[in-house]
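One structure below.
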Amino acid sequence: MTQKKKSTVAFSPERRSILKLGALSCAAGAAGGSLLGLNHLFQPSEAQAFEVPALPEDPFIFTTCVNNCGNTCVLKAFVRNDKVIRVETDDSVEDDWENGVFQVRACPRGRSMRRHMYSPDRLKTPLKRIGKRGEGKFEPVSWDEALDIVAASLKHCVKNYGNASVYSHYASGVITGPMTRRENFWRLMNCLGGFSLGYSDYSSAQNQAGLRYLYGKAGYSGNAISDIAHTKLAVFFGANLSETRSSGGGLQYEILEAKKKGNTRIIIIDPRYTDTCVTVADEWIPIRPGTDAALASALAYVLITEEMIDREYLDTHCVGFDASTLPEDAPEHSSYSDYILGTGFDMVAKTPEWAAAISGVPAARIYKLAREIGQTKPCYIMQGWGIQRQAAGEMNVMAVAALANLTGNVGIRGGNNGDLDAYHQSKTPRLPVGNNGVKTRFPVFMWLKAVENGKNMTADQDGIIGGDRYPADIKFIWNYAGNTIINQHSEIAETERVLSDETKCEMIVVMDTHMTATAKWADIVLPSCMYPEQTDIVGPSYAMNTDWALLTEAVKPFFESRPVYDVCVDLARRLGVEKEFTEGRDREEWIEYLYQTGTRKTFPEMPATVAEARKAGVHFRAKSRDFPVPFADFRQDPVTHPLKTPSGKVELYSAALRTLSRKRKVDSSVLGDVIPFVPQYVATWDGCEDMQTKEKYPLQLIGFHYKGRTHSHYANVDWLLEVLPQTMWINPVDAERRGIRHNDPVRVFNDRGEVRIRAKVTPRIIPGVVAMGQGAWYKPLSADSKVDVGGCINTLTKYRPTAIGKANPQHTNLVQVDRI
Ligand SMILES: Nc1nc2c(c(=O)[nH]1)N[C@H]1C(S)=C(S)[C@@H](COP(=O)(O)OP(=O)(O)OC[C@H]3O[C@@H](n4cnc5c(=O)[nH]c(N)nc54)[C@H](O)[C@@H]3O)O[C@H]1N2
Ligand SMILES: Nc1nc2c(c(=O)[nH]1)N[C@H]1C(S)=C(S)[C@@H](COP(=O)(O)OP(=O)(O)OC[C@H]3O[C@@H](n4cnc5c(=O)[nH]c(N)nc54)[C@H](O)[C@@H]3O)O[C@H]1N2
Ligand code: SF4
Ligand SMILES: [Mo]
């Protein structure tokens, strides 16, 4: 069903709609709007051209918001003189949830895209560093000069240090669209023999690592959220989908509809009373960060001792629930139930009373929750990624998933295996990248170690895959559409220390739209087009269970900004691989090629040419809300359909983890640096049981993904900051002790740094814990200061990869807070 492209001009103020939406959730209907003054633009004289009132006859183009929030909302950008003068969201279909056709309505971030496009931080020209690295001093240079420098450095690094010394860093700023994603540079480097790439990501690395041991599948493995319609009880651990999947056509909308249909009770376990608690929860169970495995273990204790487990399923589908299914060579008393019942290595029964002391959840509530879970068939047990961004996150992930196995909820409609929604991505084509000659990869969070001493990294110790040892130190970093060098990576002061040594990494190239904290550390900065300034093929991102496709149109690029494909062509020419890179196609010809060979294979009913598809607007296709149930075949017959674990079964006892624990040296002086073989609670450094650190820094600090930004993207939008300012959540009990009142300026600090920020005093957070939305722009008081006035939590996080997945524990921190 292709929609007719039509203009609906509404006159309510764009800004007012954003302020209103920002305060609430975004599942509400499309709100249009004309434009309002309040200018805060890059140059007052230049700005005028971008601030003209929209008129009913102004045409619009379809574009999207492509940031990494897991959605991709369709935007209508009203255009005059090649400038975007108003932004509205898609309203081209009526909502029909059951058939999977509904508006992919933008949240306030997408709707304020124009304020981001034309903000004072927008890059206009290529820049070359003139000061010390990181000092932020640059001079404008021509594209030719900038690309000559980049090409010369690439040649030098490949020749002298090998292809593996060139690294394309993790970057999620552009998440859909073949011509706009990171693959452009990958294709270029593969024409030259290859390059370094990390594996896994900052989102769910512990989830992926833990579930690979348990299920043989690395995450993205749960029943669809819409399955809630088929159960009476859903329990979410550390998932805040109203905020993190906030498209009007995203998972938050699906939960609302499914809950209504199934009349489902939803319980949310989170240290904060989140927006998801506000919008869909029947009950909030507050918990101390990092202790979900303790709670889950106590729930298991009640389920086992009160005989609410699915014994038959455990015997036939799982390894190591008890001695009867332990592998022969496993140590005695090493089964999961040994750990739970107090006959395991620590001889402690994991009773609700035991867990209450750790997690802060009252024992009576744990008994009740276990009975609710045990007596509801099916039960949808699900985890977000908040519980895994912790110092022993893999264990939290596995312990929650274990509950789904104890109760036999895996592989059935309305149940779930304990993971987050598997997602059902539509097939937006990708630019083919060719063959990467560098086969060895490191866990992405370990990139800084690869800069400092890549050649010392090994498979056993550092999680290298595709080889035993890393072949190079990183000498060249290409960073396109990412801010994870500084702003989004842990422990900024540590990153700065490593990168300030120019004999280590010799060249940092940042291609971005804005002067970010990462761009300030670049040697060469390249100004990139934003999405409304380049055409592409788009579709739903990874957390949208819909089928649609759109061929976007574009306005003229902002100043000298350029699309990444064109930049890579220019580099390919300088490096002697232009023909291989382009295959004779320019950007538009690639779009036509990918449309014909990709999009039209998925949607044969779409128009014959790109030109016609652009005119037609958004193409939707119906999709049932009853998605295939993951692991259903395994559930029916585990012998014919084994899992990809070594045993083919769910490994509650993991022989592979035992092998890893023998090979990998851990630091026994660090609390929580252990590799257990069954899902269990691990007390960790900077956790609620790290009594030594707590003497100095008594409060746990967690981050969360905030509705005012997508990570650091949109963080500078004045309208969003007005309604969603950066604050630190603190419970009234903790605030009062420190003489802190609501909105007071405070300093939050530990040995790693200090953040100055305003306090949000609220009972929506458990005592003993403070929280800060992650992604605010890092603004140090001076170049060598550890004091940040931008509210960036990575001033305070620690660069200590987890023991199993070598992943980012960015929600595990201890701090002290003082009133300023
Ligand atoms: N403490 C803490 N740190 C975290 C997290 C946390 O929970 N706590 N979360 C982690 C997670 S899950 C993730 S995914 C990462 C995300 O970290 P990043 O992938 O770095 O995501 P963003 O901060 O959104 O950065 C995206 C960049 O893309 C740029 N950009 C946007 N549009 C365009 C475009 O069209 N072209 C180009 N060239 N650039 C564009 C933006 O300006 C921005 O600089 O952060 C991680 N960091
Ligand atoms: N608005 C917005 N949406 C986003 C993003 C964004 O930056 N902004 N980022 C996107 C990306 S790339 C990702 S990876 C996802 C991230 O999605 P998630 O990782 O699921 O998001 P978080 O907010 O880090 O964590 C979810 C919840 O876990 C809670 N939490 C933290 N620690 C614990 C704990 O130990 N136990 C329990 N039970 N709860 C805990 C937090 O308070 C939070 O409410 O979101 C995506 N969506
Ligand atoms: S940030 Fe996400 S939910 Fe908001 S408009 Fe963009 S894609 Fe949609
Ligand atoms: Mo993420």
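Here, residue 1 is the first one in the sequence, and each next residue gets the next number. For ligands, and for the atoms within them, numbers begin at 1 and follow the listed sequence.
Between Phe558 and the choices Lys124, Met117, Met530, the side-chain contact (heavy atoms from CB on, under 4.5 Å) rule is met once, by Lys124. Partner of Val66 under the side-chain contact (heavy atoms from CB on, under 4.5 Å) criterion, chosen from Thr63, Asn68, Thr64: Thr64. Residue Trp385 forms a ring-ring contact (aromatic ring centres under 6.0 Å, His included) with just one option from Tyr202, Tyr220, Phe704, and that option is Tyr220.
Judged by the shortest distance from any of its heavy atoms, Gly775 lies outside the 4.0 Å radius around the atoms of ligand 1.
In terms of protein heavy-atom proximity, atom 3 (N) of ligand 1 is closest to Gln810 NE2, 3.0 Å. For atom 46 (C) of ligand 1, the closest non-hydrogen atom of the protein is Gln488 O, 3.5 Å. Given atom 5 (S) of ligand 3, the protein heavy atom at minimum distance is Cys107 N, 3.3 Å. Distance from atom 2 (Fe) of ligand 3 to its nearest protein heavy atom, with residue and atom name: Cys69 SG, 2.2 Å. Among protein heavy atoms, atom 17 (O) of ligand 1 sits closest to Thr484 OG1, 3.1 Å. Scanning the protein heavy atoms around atom 26 (C) of ligand 1, the nearest turns out to be Gly173 CA, 3.4 Å. Of all protein heavy atoms, the one closest to atom 23 (O) of ligand 1 is Ser712 OG, 2.5 Å. Of all protein heavy atoms, the one lying nearest to atom 34 (C) of ligand 1 is Val174 CG2, 3.4 Å. Among protein heavy atoms, atom 5 (C) of ligand 1 sits closest to Gln774 OE1, 3.4 Å. With respect to atom 37 (C) of ligand 1, the closest heavy atom belonging to the protein is Ser528 OG, 3.4 Å.
Taking distance alone, with nitrogen or oxygen atoms compared against 3.5 Å, Ser203 stays at or beyond that limit from ligand 1. For ligand 1, the polar-atom distance check finds an N/O of Asn794 within less than 3.5 Å of one of the ligand's N/O atoms.
Summarising the contacts of atom 14 (S) of ligand 1 with Phe445, Tyr202, Tyr170, the nearest heavy atom is found in Tyr170. Looking at Glu491, Arg709, His811, His713, it is His713 that brings a heavy atom closest to atom 32 (N) of ligand 1. Remark: among candidates Thr795, Asn483, Leu701, Thr244, the nearest residue to atom 20 (O) of ligand 1 is Asn483, based on non-hydrogen atoms. Comparing heavy-atom distances from atom 35 (O) of ligand 1 across Ala481, Cys529, Gly773 singles out Cys529 as nearest. When Met113, His711, Arg122 are ranked by how near their heavy atoms come to atom 15 (C) of ligand 1, first place goes to His711. Closest heavy-atom approach to atom 8 (Fe) of ligand 3 among the candidates Cys73, Gly70, Gly110: Cys73. Of the options Asn479, Asp512, Leu123, the smallest heavy-atom separation from atom 30 (N) of ligand 1 is shown by Asp512.
Side-chain atoms of Arg389 and Thr812 form no donor-acceptor pair, as typed in the model, at a separation below 3.5 Å. Counting only N and O atoms by type, the side chains of Asp201 and Gln208 include a donor and acceptor under 3.5 Å apart. There is a side-chain donor-acceptor pair under 3.5 Å between Asn716 and His116. Under the 3.5 Å distance criterion, with hydrogens and angles disregarded, no donor-acceptor pair is assigned to the side chains of Thr89 and Arg111. With hydrogens and angles left out, the side-chain atoms of Tyr167 and Trp447 include no donor and acceptor closer than 3.5 Å. No side-chain donor-acceptor contact under 3.5 Å links Ser528 and Ser561. With no hydrogens or angles considered, no side-chain donor-acceptor pair links Gln488 and Gln810 at under 3.5 Å. Tyr531 and Asp536 share a side-chain donor-acceptor pair at under 3.5 Å. For the residue pair His705 / Glu243, no side-chain donor-acceptor distance below 3.5 Å is found, with atom types taken as modelled. Side-chain N/O atoms of Glu394 and Thr802 include a donor and acceptor closer than 3.5 Å. For the 3.5 Å distance criterion, the side chains of Asn71 and Ser541 fail to qualify, holding no donor opposite an acceptor.
Counting atoms of ligand 1 from 1 in the listed order, those under 4.0 Å from a heavy atom of Ile793 are 1 (N). Near Ser247, meaning under 4.0 Å from one of its heavy atoms, ligand 3 places the atoms 3 (S). Close contacts between ligand 1 and Arg389 involve ligand atoms 6 (C), 7 (O), 12 (S) [criterion: under 4.0 Å to a heavy atom]. Taking every non-hydrogen atom of Asn68 and a distance limit under 4.0 Å, the qualifying atoms of ligand 1 come out as 14 (S). The Thr516 neighbourhood of ligand 1 comprises atoms 44 (O), with distances under 4.0 Å to a heavy atom of that residue. Close approach of ligand 1 to Thr710 (heavy-atom distance below 4.0 Å) involves ligand atoms 24 (O). Those atoms of ligand 1 that come under 4.0 Å of a heavy atom in Met511, given as number and element, are 38 (N). Counting the atoms of ligand 1 from 1 in the order shown, those under 4.0 Å from a heavy atom of Ala171 are 19 (O). The contact set between ligand 1 and Met530, taken as ligand atoms under 4.0 Å from a residue heavy atom, comprises 35 (O).
Using a 4.0 Å cut-off between charged nitrogen and carboxylate oxygen, Arg562 and Glu560 do not count as a salt-bridge pair. Here Lys798 does not pair with Asp751 in a salt bridge; the nearest charged N to carboxylate O distance is not below 4.0 Å. At a threshold of 4.0 Å, the pair Arg105-Asp90 does not count as salt-bridged, since none of the basic side-chain nitrogens sits closer than that to a carboxylate oxygen. The residues Arg752 and Asp686 are annotated as salt-bridged, a charged nitrogen and a carboxylate oxygen being separated by less than 4.0 angstrom.
Under 4.0 Å from ligand 1, the heavy atoms of His705 that appear belong solely to its side chain. Looking at Tyr480 against ligand 1, only its side chain comes within 4.0 Å, counting heavy atoms. The part of Asn67 lying near ligand 3 is the side chain, judged by heavy-atom distances below 4.0 Å.
Counting backbone and side-chain atoms alike, Cys65 contributes an N/O/S atom closer than 2.8 Å to atom 6 (Fe) of ligand 3.
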